Amino acid sequence: MAVPLFDTKTPLAPLRPELDAKIAEVVDRGTFILGPEVAAFETEFAAYLGARHAAGVANGTDALVLALRALGVGPGDEVVVPSFTFYASAEAIPHTGARPVFCDVDPETCCVTAETVRAALTPRTKAVIAVHLFGNVAPVAAIAALGVPVLEDAAQAAGTTTDGGRPGALGTAATFSFFPSKNLGCFGDGGAITTDDGDVAERCRMLRFHGSYDKATFEHVGYNSRLDELQAAILRVQLPHLDAWADGRRAAGRHYEEAGLGELVSLPVAANGSRPAWHLYVVRSERADELRTVLNDAGIGARAYYRTPAHLQPAMHEWGAGLSLPGTDEAARTNLAIPVSPVFSRAEADEVVAAAGALAAA
Ligand SMILES: Cc1ncc(COP(=O)(O)O)c(C=O)c1O
């Protein structure tokens, strides 16, 4: 049986009548930008996370740019960011006029640590972007204890829980992407910024509407970056199911463990005190490329992520050339994402493990 890398369709199938009705409701209302659906989603999403405020924006990349600017990041500042992440985490920084300073990750968790962040701090550091990669959790409190504001990039961590609260409510502010394949995804692009700080939230709302607080006077050069009503409505239907879907993602990890995958490859390691809703289930192996070929040949989705990490991308040459980031190199070289979804079954895990076992036996 073929096992896809993602399955976004099956979890949504039972929600189809509710989604259709909600979309019809929005169309009938005729308000498509910054109306009641966005306002309600912002309230519901903030409450779900345990944050005071949420502001819907057009996508997770804009969420980072607007949040950094709302935190006062600008020309002359430095922002620490891991290199082993989706490129957008770093790309957001030069848009503010600040300089990205790349730090390393722990290859076991694929997240930054307080130590890797500390090594990148300078007197010009204005903020740290802590990426909760693959649904795992970066140690936000330990980084904040270094005395810098932490912006969580929680694009991949919706549904994850920790002993100290949910990602999205751990730092000074946080950003989410609702790209369709994310743990909470809409039917196009979407994003949000969350924070407990009312001023930061207000500045994000101002920046998403062309730099205007009252939609009449334009005090700053801002953006046109709103979450639209249809996407907010679609997200509102899905949000009550996010925890059950997250449980399904965690169960997938247990299925792999019980099927014996850990005898063949290194399994992902949940950060201390966290219960990751694995957005991607990423194993590590010195034979990652061979394993991908074997799995793909067996009809099983498998894909390496960020093989060329952000600091080595051509557009980051000015800030990334010549850096030594050994944890990043190891994670980039050895990672392989294998199938995971809210409905991933033990039978599918057995199938993946059997195919992977054939490589070990070869
Ligand atoms: C870690 C991370 N940061 C930022 C983004 C950017 O989000 P978007 O694609 O919605 O702009 C993504 C996802 O695409 C991501 O995975």
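Numbering of ligands and ligand atoms starts at 1, following listing order. Because the structure is predicted, anything quoted here is derived from the model rather than measured.
- Here the side chain of T175 pairs no donor or acceptor atom with the backbone of L64 at under 3.5 angstrom.
- The main-chain N or O of S341 is never found under 3.5 Å from a side-chain atom of R249 such that the two would form a donor-acceptor pair.
- Side chain of R69 to main chain of H95: no donor-acceptor pair is present (N/O by atom type, distance under 3.5 Å, no hydrogens or angles).
- Taking the charged nitrogens against the carboxylate oxygens, R275 and D163 do have a contact shorter than 4.0 Å, which makes a salt bridge.
- Of the listed residues (V57, L235, N59), just one forms a side-chain contact (heavy atoms from CB on, under 4.5 Å) with L227, and that residue is L235.
- Listed as neighbours of ligand 1 are N59, G60, T61, T85, F86, A88, S89, V131, D153, A155, Q156, S177, K182, each bearing a heavy atom under 4.0 Å from the ligand.
- A cation-pi geometry, defined here as NZ or CZ lying under 6.0 Å from the six-membered ring centre and within 45° of its normal, does not hold between R254 and Y256.
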